[in-house]
Amino acid sequence: MLEIRDLHVRLEEEDKPILKGLSLTVEAGKVHAIMGPNGSGKSTLSYVLAGRDGYEVTGGSATLDGEDLLEKEPDARAAAGLFLAFQYPVEIPGVNNMTFIRTALNAQRKARGEAEISAPDFLKQVRETAKSLNIGPEMLKRAINVGFSGGEKKRNEILQMAMLAPKMCILDETDSGLDVDAMKLVAEGVNALRAPDRGFLVITHYQRLLDHIVPDVVHIMVDGRIVETGGAELAARVEREGYGALVKATA
């Protein structure tokens with residue numbers, strides 16, 4: 001599904017290489033996790049896949065179901081089925097949650113040549129989806145993330161993800177700033193969206209999120225490369241031993 005081959009990326013502002021030959025395959029129906037120390041390039045990978053400005057791809061490729069992601073604009077990547085849940089979701093005052101989700105959903109449907117969803121059908125779908133994620137109707141009426149707690153912001157992103165039904169979901173440190181209860185709620189939402197035709201790439205520092213979103217594959221990233229790959233037990237080992245030995249081995 002998601003194929004990344006020998007990807008090299010530099011930060012334009014500092015002319016600094018960040019990703020240094022990263023290769024990764026995420027299959028449909030699988031959850032892959034990426035762990036690594038600060039500065040290893042984990043968030044950069046998510047930004048580059050989503051099309052954020054400020055990064056230059058200097059080599060390699062990234063495809064989603066055979067389509068070249070890197071040649072597409074960010075909105076076209078979203079329409080192709082890519083979704084990025086941010087580490088720090090932004091507040092958008094004055095923009096109603098339901099208006100935002102319906103606009104995004106119809107924009108993607110239009111890009112795929114599909115008819116727009118009607119207001120009654122949308123209202124039924126968003127209410128049912130929100131209820132399944134333990135999101136109350138009052139949250140749907142609020143401005144996007146304005147006055148939301150950390151857990152509410154992350155659950156709101158899970159709602160957006162559920163409504164847009166992407167092929168590939170990238171979660172960039174979605175556990176950041178969450179207490180245990182909020183993290184469990186977010187994990188439950190993610191687990192509810194696991195499906196045979198959907199892949200997940202979960203980026204995190206710590207094993208605690210992976211106790212609730214159990215990955216099929218864990219990758220350890222150091223200095224812009226994947227240096228070790230294994231099962232869920234690899235995350236537990238890193239939690240016990242830290243990244244020190246892996247960092248030394250790649251120095």
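The first residue in the sequence is number 1, and the count goes up from there.
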N-O pairing of Arg10 and Glu12 below 4.0 Å:
no
Nearest heavy-atom approach of Ala232 to Pro215 is CB-O, 4.1 Å
Any side-chain heavy-atom pair of Met183 and Lys154 under 4.5 Å:
no
Set of salt bridge (charged side-chain N to carboxylate O under 4.0 Å, His left out) partners for Glu67, sequence neighbours left out:
Lys72
In terms of heavy-atom contacts, Met221 and Leu19 come closest through CE-CD2, 3.3 Å
Are Ile117 and Gln125 side-chain neighbours, meaning at least one heavy-atom pair lies under 4.5 Å?
yes
Min side-chain heavy-atom separation Phe148-Glu91 under 4.5 Å:
no
Is the shortest side-chain heavy-atom distance between Val9 and Glu56 below 4.5 Å?
no
Side chain proximity check, Leu49 to Leu2, heavy atoms < 4.5 angstrom
yes
How are the rings of His219 and His32 set relative to one another: parallel (under 30°), tilted (30 to 60°) or perpendicular (over 60°)?
parallel
Are the side chains of Arg198 and Leu193 in touch, meaning some heavy atoms are under 4.5 Å apart?
yes
Is the shortest side-chain heavy-atom distance between Thr129 and Ile135 below 4.5 Å?
no
Least distance between heavy atoms, Arg194 atom then Phe200 atom
CA-CE1, 3.9 Å
Cationic N near anionic O, under 4.0 Å, Arg208 to Glu239
no
Leu24 backbone acceptor or donor facing Glu3 side chain under 3.5 Å
no
Evaluate the criterion side chain to side chain contact (heavy atoms under 4.5 Å, CB included) for residue pair Met98 and Leu123; output intermediate values, then yes/no.
CA-CA 8 Å; Met98 285 201 292; Leu123 284 173; 3.9 Å; yes
Hey, what do you get for CG (Leu84) to CZ (Arg77), rounding to the nearest 0.5 Å?
11.0 Å
Quick one: does Lys42's side chain have a donor or acceptor within less than 3.5 Å of a partner on Gly36's backbone?
yes
Look at the side chain of Glu152 and the backbone N and O of Ser149, then say whether any donor-acceptor pair between them is shorter than 3.5 Å.
yes
Sidechain N-carboxylate O distance under 4.0 Å for Asp65, Lys167
yes
When you measure from the side chain of Asn145 to the backbone of Val90, do you find a donor-acceptor pair of N or O atoms at a distance under 3.5 Å?
yes
Taking the side chain from Asp216 and the backbone from Gly231, do they hold a donor-acceptor pair closer than 3.5 Å?
no
With a 4.5 Å heavy-atom cut-off, do Leu234 and Val217 have their side chains touching?
no
Expected output: side-chain Ser23 to main-chain Asp6 donor-acceptor under 3.5 Å:
yes
Looking only at atom types and distance, does a side-chain atom of Asp172 sit under 3.5 Å from a main-chain N or O of Ser46, one as donor and one as acceptor?
no
